[in-house]
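What follows is a single structure, written as structure tokens, with notes after it.
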Amino acid sequence: MKHTLSVLLQNKPGVLSRVTGLFSGRGFNIESLCVAETIDPTVSRLTLVTSGDESIIEQITKQLHKLIDVIKVMDTSEGVYVEREMVLIRMKADAQTRAEVLRIIDIFRGKVVDVGQKSYAVEVTGSASKIQAVIDILRPIGIKEIVRTGTVAISRAGMSK
Amino acid sequence: MSQLTGAQAIVSCLLEEGVTTIFGYPGGAVIDLYDELMNSEKLEHILVRHEQAAVHAADGYARVTGKVGVALLTSGPGATNGVTGIATAYMDSIPVVILTGQVPTPLIGNDAFQEVDIVGITRPCTKHNYLVGSKDELVQTLREAFHVARTGRPGPVLVDLPKNIINGLITYEPPQPIKMDSYQPNTEPHPGQIGKACRMIMEARKPVLYVGGGVILANGHEELAELATKLDIPVTMTLMGLGAFPGNHPLSMGMLGMHGTYTANMAVAKCDLLISVGARFDDRVTGNLESFAPHAKIIHIDIDPTSISKNVHVDVPIVADCKRGLEAMNTWFNNQQDISVAQEKGKHQQWFDKIKTWSDAHPLGYIDDNDSSIKPQYVVEMLDKLTGGDAIITTEVGQHQMWAAQFYKFKLPRHFLTSGGLGTMGYGLPAAIGAKIAMPEKTVIDVAGDGSIQMNIQELATARQYNTAVKIAILNNKYLGMVRQWQELFYDKRYASTGMDVAPDFVELAKAYGAVGLRAKTKDEVVPVIKEALATDNTVVMDFNIIREEGVFPMVPAGKANTEMLLV
């Protein structure tokens with residue numbers, strides 16, 4: 001089962017490699033990973049999607065806690081969180097398909113961010129399943145390239161643990 | 001507040017931490033720190049002959065004293081040579097601070113002479129590590145390093161020191177309490193969990209205490225003895241736990257696991273309650289996981305939450321310092337006025353009767369051929385007898401290590417120094433030197449094999465330079481014996497690359513280093529050789545020419561259940 005872990009870390013050099021080294025060294029999966037500074041510049045937040053049964057997720061959580069630079073680990077499946085991911089997609093967009101691409105992007109509340117002679121770059125934001133849905137629908141029209149950010153998450157008002 | 005050079009500040013920090021001895025090897029990146037060490041009368045520096053030995057010696061020093069050991073290495077190859085020592089300390093949770101030199105900060109990343117990313121290399125084998133990026137961080141980083149190494153689950157911490165920071169001028173402020181937002185290990189047991197565990201112990205009819213190195217690291221041996229004897233619970237120890245409970249006590253069943261006693265392995269297989277304290281259910285202990293303690297509820301006290309329910313599901317987890325956890329249990333039982341101790345003890349009588357049938361059927365032993373050949377087990381038995389069982393024993397890794405674990409009856413904690421987790425050949429001699437320097441009044445013996453001893457034999461020079469009268473007992477079978485044993489049992493006696501027919505004459509080699517060399521070729525020479533070695537105030541190498549193809553038994557073949565032991 002997939003889990004999104006939200007991890008607060010000291011914002012120091014080498015901290016990211018401690019986390020990724022832990023995952024590779026112990027054979028855990030990383031499906032996506034996002035990291036950036038928080039409102040406190042000495043602290044970073046790392047949002048990571050991983051998979052495994054309950055005991056593996058428990059072990060991952062404990063091992064992350066054990067890293068000296070890790071301040072807090074939260075499993076978003078345990079609380080009430082809003083999760084979002086962004087994707088940039090470069091679409092084939094010629095005379096026949098342009099209108100169709102625009103219609104689909106509109107349905108998904110996405111937008112066109114770059115226009116070329118034969119392609120559009122579009123941006124869509126949403127849950128991981130919404131991103132997957134838009135990709136599945138656009139694929140038959142002709143996707144040239146996909147860039148996904150990976151999931152980020154924030155707790156709902158009054159629900160932070 | 002005062003202005004100091006980086007080197008002066010480092011020395012001040014070491015003294016503040018109570019360091020009196022450091023083990024190291026100089027080089028260009030640390031030459032300024034070595035220069036400063038000459039000014040300090042309070043810090044003794046031990047010059048080893050290979051950087052791996054510096055870390056092992058600091059590790060041995062830490063294991064016998066409980067203090068943080070310190071090693072000082074230069075950049076590049078000095079640091080990489082230390083990696084095996086660091087990984088050894090990491091796997092066995094030994095508090096060591098390793099200071100490494102580094103090229104000046106402007107050169108980092110330029111492939112400079114003797115530059116290596118030692119922080120990157122040691123990230124997975126240190127508890128934590130630091131590159132001191134600016135001179136303002138130097139003092140705080142060193143203080144944190146010692147704090148992290150010694151608290152929580154102890155471990156090695158490396159501090160990489162660029163040359164320009166060692167040379168720079170810094171403002172030195174007196175120490176303040178360490179506060180780290182992201183590191184606050186929990187040492188106090190949860191009272192609810194303690195109560196739950198104690199009630200479970202009351203209900204058990206066939207309990208076993210399974211004790212690891214965590215009890216020794218936490219200095220919890222007295223609390224352990226109180227709990228075991230108060231409630232009459234039989235005790236088995238891991239390799240790392242030997243000495244946590246007296247090996248000659250009637251409640252001791254000896255070691256468990258791959259080369260554990262028949263009694264201990266059967267008792268764990270049949271027990272209804274397993275109380276694990278400071279042990280981590282290592283594969284060499286559990287054998288096949290499915291059949292490890294299959295009928296037992298499990299209580300687990302450990303300071304490291306990651307060790308709990310990692311390999312085996314635990315019913316009552318207790319995250320705590322082992323000493324504090326055991327203390328809390330003892331207090332709980334002392335407060336139960338309605339418990340009659342005698343009644344409690346009587347409840348385990350059937351269990352003890354059962355245990356006795358196992359120990360009567362297959363006691364730990366070996367076949368005495370009744371000829372003049374030397375059995376390795378006999379040598380260890382004589383070492384035990386002639387030292388009164390209270391010498392500090394270090395080992396290398398292999399058959400001799402297991403014979404030492406089985407046949408030396410450790411009565412005290414911090415007396416058995418062995419690389420249990422990483423299994424590092426070459427550990428024993430430098431660890432013995434570190435131990436002897438920490439405890440000069442103690443007899444320190446490295447029980448070694450003829451293969452392992454050659455991995456750090458150069459440390460005989462270190463031992464000689466500092467008049468360190470360590471004794472080395474080589475159980476010499478001219479084989480890499482443990483691998484040979486596996487080849488004999490599981491590879492149709494195809495002895496691929498395990499014959500060590502060409503080896504130095506260890507007696508002459510000892511003499512070449514200015515040490516004393518003694519040899520026993522027959523059984524009746526064993527005792528006189530040991531007696532002479534113990535009476536000699538010098539480093540002594542004893543070469544025991546043991547029979548070549550002796551095996552370590554009992555043995556649980558890898559992946560089998562612990563009840564499927566091959567016996568003598």
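- For B:Asp117, there are no side chain to side chain donor-acceptor pair (under 3.5 Å) partners two or more places apart in sequence or in a different chain.
- Your options are A:Gln63, A:Lys12, A:Lys62, A:Gln10, and the one with the most heavy-atom pairs under 4.5 Å with chain B is A:Lys62.
- Under the side chain to side chain contact (heavy atoms under 4.5 Å, CB included) test applied with B:Tyr183, the options A:Ile68, A:Val70, A:Leu67 reduce to a single match, A:Ile68.
- Side-chain contact between B:Pro305 and A:His65: absent, with no pair of heavy atoms (C-beta onward) separated by less than 4.5 Å.
- Annotation: B:Lys163, atom NZ; neighbour count of heavy atoms from other residues, nucleotides and ligands within 6.0 Å is above 12.
- Residues B:Asp181 and A:Lys72 are not in side-chain contact: their nearest non-hydrogen atoms beyond the backbone lie 4.5 Å or more apart.
- Only the side chain of B:Asp304 comes within contact range of chain A, with at least one heavy atom under 4.5 Å from a heavy atom of that chain.
- Heavy atoms of A:Ser55 lying under 4.5 Å from chain B are absent altogether.
- The two residues A:Lys66 and B:Thr306 come nearest to each other via the heavy atoms NZ-OG1, 3.5 Å.
- For A:Asp136, the CG atom sits in a packed shell: over 12 heavy atoms of surrounding residues, nucleotides or ligands are nearer than 6.0 Å.
- We find the CD-CD1 distance between B:Gln184 and A:Ile71 to be 10.0 Å, quoted to the nearest 0.5 Å.
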Next item on the list: Go through the steps to decide whether A:Leu22 and B:Arg123 satisfy the test side-chain contact (heavy atoms from CB on, under 4.5 Å), and finish with yes or no.
Entry: CA-CA 9 Å; A:Leu22 165 65; B:Arg123 212 167 266 142; over 6 Å; no
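- Of the two parts of B:Ile308, the backbone and the side chain both hold a non-hydrogen atom closer than 4.5 Å to a non-hydrogen atom of chain A.
- Shown here are the side chain to side chain donor-acceptor pair (under 3.5 Å) partners of A:Glu123, two or more places apart in sequence or in another chain: there are none.
- Within 6.0 Å of CD1 on A:Ile154 lie no more than 12 heavy atoms contributed by other residues, nucleotides or ligands.
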